[in-house]
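First comes the structure, then the notes that go with it.
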Amino acid sequence: MNPPKNLKKSSVLRICPRSYPQFRWMPFILLSAGYRCSSDRIRCGKMTTQPTPPKAVSKTGHDLIQSYLRTLDGSPGVYRMLDADSRVLYVGKARNLKARVSSYARPGQHSGRIARMIRETAQMMFLTTRTETEALLLEQNLIKQLKPRYNVLLRDDKSFPNILVAKGHAFPQIKKHRGAKKETGNYYGPFAGAGAVNRTLNQLQRVFLLRNCSDSDFETRTRPCLQYQIKRCTAPCVGHISEKDYALSVDDAEKFLQGRTKGIQEGLAQQMSEAAEAMEYERAAALRDRIKALTQVQSAQGINPKGVAEADVMGLHIDGGQACVQVFFIRANQNWGNHDYYPRIGGDEDASEIMQAFVGQFYSNREPPRGLILSHGLDDEDLVAAALAEKAGRKVELTVPQRGEKAELVKGALRNARESLARKMSETATQARLLKGVAEAFDLDKVPARIEVYDNSHIQGSHAVGAMIVTGPEGYEKNQYRKFNIRGDELTPGDDFGMMKEVLTRRFQRLLKEDPKRQSGSWPDLLLIDGGAGQVSAVREIMDDLGVSDVPMVGVAKGIDRDAGKEEFHRTGKPVMALRHNDPVLYFIQRMRDEVHRFAIGTHRAKRSKAIGATPLDDVPGVGARRKKALLEHFGSAKAVSRANLADLKAVEGISENLAQTVYDYFHENG
């Protein structure tokens, strides 16, 4: 969708998503193209533009904000404050934009953080909405997208795993699932992490004996696997259990995941009694073992609240200008694990502001549970509840309990948050000392805030990959890790120098393109290269060609006999150096090198495994995973598919005449 031809970049766009739904995302399209958008409403039944206030170069802070007031009205919406380089400083929402912005125009009423933000403000952007709830949702989306410096910011935003009872098979599989819920079946979660899911799956296998093998393994098995031998599966793959009896086990497992365990135990006890009376002692013993396993599971689950069926419990602790939010996931009256978060704060926000920002960002891409149990109230509790209810399509209850079972849950979350933050602060202080030690050891001009470490992995040049890890004051920044598939066709297999050159060239060409002014914080203060003088020389040549020779780099070589602890450090134009054997900085560098090794080797293995499982069908136009599976199941192998005639290809279920012709032509024209 293109912007109107007569729209100038100095104008403010007003669009109504209700009247013109096709323009609902126009503001975001215009923003990415450099236009300034203020509102999403319609005036007089047609799209109009409103000139922005005249912008004086010297105007900043209170004076600049004052100049915007005459163009604003009392509509709800979202505002952005930007600095002189157009970087977003702050994103906020307002019930009344004019009133909210006018509060920034009055000096002398703000905390130190807000006062600094106002002084740095050189321009503002506005987007009005129909309701304050819409403004809140838009605000949280923009905060996550733009990561403004002065907002409370949720930094760790990974998805959580679920348990999936897949229903696309006569004998359903139970497995871990992460990502979009596209597969047919029932999903249970979220769980706090892979460990919590694996523990629960292990319990389900012990009690309900459900299969965890893939459908392809199931179809090809001719005798029971080890899971059957250790009493973790009933071997439906070879007919040791009927479809009806297996379905009953699946039903019991789902009841367990829903918290209805009492009826399961009573049912198993009755079956055991009936088996004993019928003198089926082996079956009775198996049922006894299942009851015993279920009892052990129930006693080992820890905090299992009786009065809370489904809720997220959040405890916030603030200390020394840092914050930790501990989240416990309660589902089906069971504790499904906990996770700690360390939102970025300015240091002068109150607990209600931090908690509200956290809740808004946490559920921006997750479905909220039926209840939130919080340690602190929110500034706009009713508004947040309404926004969460709109997202979930049902009521979401927010409570700050003072007594009873819910208060005990909050107390536990707060204790965990306090202990986690203490550990985090201790680790951060240690990290700061180590970074300072690195700066002193290698004579750097400043303490590095971002260190990038590079390594390659391959087997005689095959499946070669490059890897980059990042560390800084907060430790390893895993969302910044990058992998590089080595593409250089002219490289000699196993040419480590050439591989390193390619990786660094691609990395810094992209940096120069995306952030030439080095304002985003993505430029490294130090490069650590796994290798000696040769690698350092090769990388320095590349850096000089790109014009970024001011980034310091150090080559880390194993040293004498390749013993750990005898590493040698190579720098351009300086003699080889070493650190004393028990120097903490040496251990720190060794850990970084080991981490990049781990990441590089893992990436290489994944690439190699993918290549092993690849078939010529992967390159046939129009053949995706489902049709590939249908062809392989019908013919048995990709080689047989390549030899099949057109009539046989047309006979495969799900393969149309046109696709059959495409497959046939592909193999016979390229064969």
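Computed from a prediction, not measured in an experiment: that's the story for all the values here. Numbers for residues simply follow the sequence, beginning at 1.
- Taking all atoms of both residues into account, the shortest heavy-atom contact from Glu310 to Arg370 is OE2-N, 3.3 Å.
- Sorted by first and then second residue, the pairs that involve residues 80-124 and meet ring pair (Phe, Tyr, Trp, His ring centres under 6.0 Å), not counting sequence neighbours, are Tyr79-Tyr104.
- Residue Val536 comes nearest to Val554 through the heavy atom pair CG2-C, 4.4 Å, listed as atom of the first residue, atom of the second, then distance.
- Listed here is the closest heavy atom pair of Val152 and Ala357: CB-CB, 3.7 Å.
- Between the side chains of Tyr363 and Gln140, no donor-acceptor pair of N or O atoms lies under 3.5 Å.
- For the residue pair Asp73 and Ser75, a side-chain donor N or O sits within less than 3.5 Å of a side-chain acceptor on the partner.
- Contact check for Met468 versus Val503: no side-chain heavy atoms found under the 4.5 Å cut-off.
- A donor-acceptor pair shorter than 3.5 Å can be found between the side chains of Thr471 and Gln431.
- For the pair Arg331 and Trp336, the cation does not sit on the ring face, since its NZ or CZ is not both under 6.0 Å from the ring centre and inside 45° of the axis.
- Within a 6.0 Å sphere centred on CG of Asp382, other residues, nucleotides and ligands contribute 12 heavy atoms or fewer.
- Counting heavy atoms from C-beta on, the side chains of Arg507 and Phe484 come closer than 4.5 Å.
- For Asp515 and Ser520, the side-chain atoms include at least one donor-acceptor pair closer than 3.5 Å.
- Sequence neighbours left out, the pairs with a member in residues 417-433 that pass salt bridge (Lys or Arg N to Asp or Glu O under 4.0 Å) are Lys424-Glu474.
- Applying the ring pair (Phe, Tyr, Trp, His ring centres under 6.0 Å) rule to pairs touching residues 413-445 yields Phe442-Phe569, sequence neighbours excluded.
- Side-chain atoms of Asp340 and Tyr342 form a donor-acceptor pair, as typed in the model, at a separation below 3.5 Å.
- Here Phe191 and Phe160 keep their ring centres 6.0 angstrom or further from each other.
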- side-chain hydrogen bond (donor to acceptor under 3.5 Å, both in side chains) between Lys483 and Thr603, worked out: CA-CA 7 Å; Lys483 53 190 175 185; Thr603 303; 5.4 Å; no

- Message: Ser86 vs Gln123, test: side-chain hydrogen bond (donor to acceptor under 3.5 Å, both in side chains). Steps then yes/no.
- Response: CA-CA 8 Å; Ser86 297; Gln123 52 183 310; 3.1 Å; yes

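- Using a 4.5 Å cut-off on side-chain heavy atoms (C-beta onward), Pro524 and Val551 make contact.
- The neighbour count for Arg450 CZ, taken as heavy atoms of other residues, nucleotides or ligands under 6.0 Å away, is above 12.
- The shortest side-chain heavy-atom distance between Leu409 and Phe328 does not fall under the 4.5 Å cut-off.
- Residues Ser103 and Arg106 form a side-chain contact, since some pair of their non-hydrogen atoms from C-beta on lies under 4.5 Å apart.
- The aromatic rings of Phe362 and Phe358 sit parallel, their planes meeting at an angle under 30°, below the 60° perpendicular limit.
- Other residues, nucleotides and ligands place no more than 12 heavy atoms under 6.0 Å from the CG atom of Asp445.
- In the model, Glu452 has a side-chain atom that pairs as donor or acceptor with a side-chain atom of Tyr454 under 3.5 Å.
- Contact between Ser375 and Leu414 at its shortest, heavy atoms only, is CB-CD2, 3.8 Å.
- Taking 4.0 Å as the cut-off between side-chain N and carboxylate O, Arg95 and Glu139 do not count as a salt-bridged pair.
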